[in-house]
Amino acid sequence: RPRPEFRETFRTLAASIQATGAERQLRTLLVMSAYSKEGRTTTVLNLGAALAENGARVLLVEADLRQPKLKQLLVAQNNYAVHDTEYFVQNMLANVSAEEKSWQLRGISTKVNNVRLIPAQKLGRHESPPRLPELFPLLSQADVTDYIILDSPPCLKYADAFQVASLVDG
């Protein structure tokens, strides 16, 4: 329950993105910052909620595979899909059928109306991250959404954000 002035900041940002989107197609957005604890996940959550409040259908993608937090913040504990590994970003990049990938692109429902989520499973300490750029051909097929917002890891610590930065609209 953010303070009114905090919420208004994200409403203003959402309105700006929607206005810019009229001139230039802004469908996929990446939220990145240099260091940990600078508010990337907070920005993703609140921007998604503000866009959804304006009637947009929003899909959040957990692209921070080191410290994924969106699922624990957004998904109700009684949601059966919380533990369903078919929804993890890593599984979307695995060799599964086109029909299954299409189904996974819908994401799981969240506590926020019109906001869905494709969560990630935290990488193991010595596990190599999947190639996130391979996710973009799939995301371009997500026709059940108006905006796709990706939460990234800190870009000065991990290369993941830079791998996808050139592939998003903003």
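On a predicted model such as this, the values are computed, not experimentally measured, just so you know. Nothing fancy with the numbering, it's 1 onward along the sequence. Computed over heavy atoms, backbone and side chain alike; hydrogens, waters and symmetry mates excluded.
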>> Could you report the tightest heavy-atom contact between F10 and L47, atom names first, then the distance?
In response: CD2-N, 3.8 Å
> What is the distance from atom OH of Y158 to atom CD of Q67, rounded to the nearest 0.5 Å?
Replying inline: 7.0 Å
> Salt bridge or not for D146 and R57, using N-O below 4.0 Å?
Replying inline: yes
> What do the steps show when you test Q18 against N54 for side-chain contact (heavy atoms from CB on, under 4.5 Å), and what is the final call?
Replying inline: CA-CA 9 Å; Q18 288 176 315; N54 288 343; 2.9 Å; yes
>> Given 3.5 Å as the limit, does a donor-acceptor pair link the side chain of S152 with the main chain of A63, or not?
In response: no
>> Once side chain to side chain contact (heavy atoms under 4.5 Å, CB included) is applied, do any residues pair with S33, and if so which ones, sequence neighbours excluded?
In response: E38, R40
> Between the side chain of T43 and the main-chain N/O of G39, is any donor-acceptor distance below 3.5 Å?
Replying inline: yes
> Measuring from L29:CG to Y147:OH, what's the distance to the nearest 0.5 Å?
Replying inline: 8.0 Å
> Which of these passes side-chain contact (heavy atoms from CB on, under 4.5 Å) with V44: L60, V61, L150, L117?
Replying inline: L60
> For L30 and A165, which heavy atoms make the closest approach, and how far apart are they?
Replying inline: CD2-CA, 3.8 Å
> In terms of side-chain geometry, is the basic nitrogen of K69 or E62 positioned less than 4.0 Å from the acidic oxygen of its partner?
Replying inline: no
>> Contact between L51 and I149 at the side-chain level, heavy atoms closer than 4.5 Å - yes or no?
In response: yes
>> Under the criterion side-chain contact (heavy atoms from CB on, under 4.5 Å), I'd like the reasoning laid out for R27 against I148: C-alpha separation, chi angles, the key distance, then a yes or no.
In response: CA-CA 6 Å; R27 183 167 184 248; I148 299 170; 4.1 Å; yes
>> With rounding to the nearest 0.5 angstrom, report the CZ to CG distance, R116 to L59.
In response: 8.5 Å
> Would T28 and D169 count as having a side-chain donor-acceptor pair, cut-off 3.5 Å?
Replying inline: yes
> Which atom names give the shortest non-hydrogen contact between P154 and A34, and what distance separates them?
Replying inline: CB-O, 3.4 Å
>> Do I17 and F6 sit in one hydrophobic cluster, given that two such residues count as connected whenever their side-chain heavy atoms are within less than 4.5 Å of each other, even indirectly?
In response: yes
>> Quick check: closest heavy atoms across D160 and P153, and the distance to 0.1 Å?
In response: CB-CG, 3.7 Å
> With a 4.5 Å limit on heavy-atom distance, are the side chains of L70 and P119 in contact?
Replying inline: no
> According to a 4.5 Å side-chain heavy-atom criterion applied to Ile, Leu, Val, Met, Phe, Trp and Tyr, with indirect links allowed, do F162 and L123 form part of one hydrophobic cluster?
Replying inline: yes
> Is the closest side-chain heavy-atom distance between L156 and Y35 below 4.5 Å?
Replying inline: yes
> What distance separates I118 CD1 from K71 NZ, expressed to the nearest 0.5 Å?
Replying inline: 13.5 Å
